[in-house]
Amino acid sequence: MAFPVQRLRRLRQSGPIRNMVRETRLSVDQLILPLFVQHGTGKNEIASMPGQYRLSIPALLKETTKAFRLGIPAVILFGIPKIKDEFGSEGLDPNGIVQQAVRAIKKELPELVVITDVCVDEYTSHGHCGVVKDGKILNDETLDLLVKMALTHVEAGADIVAPSDMMDGRVGAIRTGLDKNGYHDIPILSYAVKYASCFYAPFRDAAGSAPEFGDRKAYQMDPANRREAFREAALDIEEGADIIMVKPALPYLDIIRDIKDRFDLPVAAYQVSGEYAMIKAAAEKGWLDESRAIYESHLAMKRAGADILLTYFAKEMAQILTEGQ
Ligand code: PBG
């Protein structure tokens with residue numbers, strides 16, 4: 001049956017009817033707020049991410065308290081060390097900045113889920129996500145560092161670890177390392193499908209982690225590939241991942257949908273720094289309505305199949321969800 005019997009506009013004619021038939025709904029329960037933590041006191045704004053800061057621990061506690069009060073259940077932490085070196089030593093230090101931050105948050109807000117990013121790039125002088133030798137990023141040698149880093153995070157009180165390095169075998173190595181030390185119950189949120197994307201640029205500005213030479217194409221995925229995403233996800237699941245992530249989000253909605261249809265694990269999507277910066281920049285110029293752009297882009301990730309959203313707009317989303325746009 002077609003027009004004039006069918007008229008799709010019948011169900012679009014009023015707010016209450018539209019609300020009733022809405023297929024996708026967002027909830028604050030599924031938001032994770034990424035935060036950058038550094039030594040010292042106070043905070044400083046990240047030039048390419050207006051509204052986002054490198055936070056000292058006291059400033060971080062203020063921020064996490066605000067997020068928690070808005071109903072945001074989880075944060076993911078990225079560390080900015082005092083000194084960067086070849087092996088990213090501060091990343092593995094039980095007294096490193098992230099480890100200190102985890103302890104501080106868990107002490108103040110025990111119910112807030114603290115996730116840590118497990119990767120050496122924020123801590124290495126060369127900015128790569130692994131051990132470098134003769135201009136190559138070594139896979140197996142990096143796994144040891146990742147396991148050690150994950151253990152120091154969990155010992156400090158992290159609730160979930162999230163490896164973002166894209167070395168082969170790292171989920172399995174971390175799972176084994178955690179289990180051997182009695183941490184069977186700590187979930188792994190794997191950056192399973194992580195593309196070599198230009199949209200990470202503001203993050204690298206924030207963490208000073210742009211690679212000193214070359215790029216990340218020898219370990220992150222080629223943006224042209226779809227089937228390879230299934231292989232990445234399948235391997236991580238076999239190795240023990242509990243949640244699989246697709247990153248970036250908006251330019252890869254097709255991949256989020258594919259992964260959701262193929263696998264039964266919860267799927268996370270990360271609206272990365274460059275996606276944040278685009279919305280912010282357009283809104284600043286008055287070219288987009290910021291809160292509508294935030295809402296629509298998050299709705300799109302959810303509609304594509306994401307169960308969990310990692311987003312720098314988590315607080316704004318929480319506000320939009322409680323107060324409306
Ligand atoms: C690596 C890591 C990166 C991001 C999250 N974890 C940077 C990279 O791969 O270069 C990017 C997140 C973002 O752009 O918001 N530790």
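Note that the coordinates shown come from a computational prediction; the quantities given were computed from them, not determined experimentally. When a ligand or atom number is given, it counts from 1 through the structure's own listing order. Computation of the quantities below employed the complete heavy-atom set of this structure, encompassing side-chain atoms and omitting hydrogens, waters and symmetry-equivalent molecules.
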Checking side-chain polar atoms at under 3.5 Å, does Ser297 have a donor or acceptor matched by the opposite partner on Gln271?
yes

In terms of atom number and element, which parts of ligand 1 are under 4.0 angstrom from non-hydrogen atoms of Cys119?
1 (C), 16 (N)

What part of Tyr312 sits under 4.0 Å from ligand 1 if we count only heavy atoms: the side chain, the backbone, both or neither?
side chain

For atom 12 (C) of ligand 1, the option (of Phe203, Tyr191, Phe199) bearing the nearest heavy atom
Phe203

Can you classify the ring geometry of His128 versus Tyr219 as parallel (below 30°), tilted (30 to 60°) or perpendicular (above 60°)?
perpendicular

Do Phe263 and Phe230 have ring centroids that are under 6.0 Å from one another?
no

Please list, in number order, the atoms of ligand 1 under 4.0 Å from a heavy atom of Phe78.
5 (C), 6 (N)

Evaluating non-hydrogen atoms only, which member of Lys194, Met166, Lys247 is closest to atom 5 (C) of ligand 1?
Lys247

ILVMFWY cluster, Ile186 and Leu112 together (side-chain gap under 4.5 Å)
yes

Check Arg262 with Asp258, please: is the shortest side-chain N to carboxylate O separation under 4.0 Å?
no

Answer side chain, backbone, both or neither: which part of Val272 comes under 4.0 Å from ligand 1, heavy atoms only.
both

For atom 1 (C) of ligand 1, tell me which residue out of Gly91, Ser164, Gly79, Ala162 has the closest non-hydrogen atom.
Ser164

Is the contact between Asp117 and ligand 1 made by the side chain, the backbone, both, or neither, using heavy atoms and a 4.0 Å cut-off?
side chain

For atom 10 (O) of ligand 1, what's the nearest protein heavy-atom neighbour? Residue, atom name and distance, please.
Arg204 NE, 2.6 Å

So is Lys194 actually on top of Tyr270's ring, under 6.0 Å and inside 45° of the axis?
no

Please list every donor-acceptor pair under 3.5 Å in which a side-chain atom of residues 151-158 meets a protein atom from a residue at least two apart or in another chain.
{"unit_1": "Thr152", "atom_1": "OG1", "unit_2": "Gln99", "atom_2": "NE2", "d": "2.8"}
{"unit_1": "Thr152", "atom_1": "OG1", "unit_2": "Met149", "atom_2": "O", "d": "2.8"}
{"unit_1": "His153", "atom_1": "ND1", "unit_2": "Thr116", "atom_2": "OG1", "d": "2.8"}

Measure from NZ or CZ of Lys280 to the centre of the six-membered ring of Tyr312 and say whether it is under 6.0 Å with the direction within 45° of the ring axis.
no

Show me which atoms of ligand 1 lie under 4.0 Å from any heavy atom of Arg216.
8 (C), 9 (O), 10 (O)

Answer side chain, backbone, both or neither: which part of Ser273 comes under 4.0 Å from ligand 1, heavy atoms only.
both

Run the numbers for me: atoms of ligand 1, each under 4.0 Å from some heavy atom of Tyr270, listed by number.
12 (C), 15 (O)

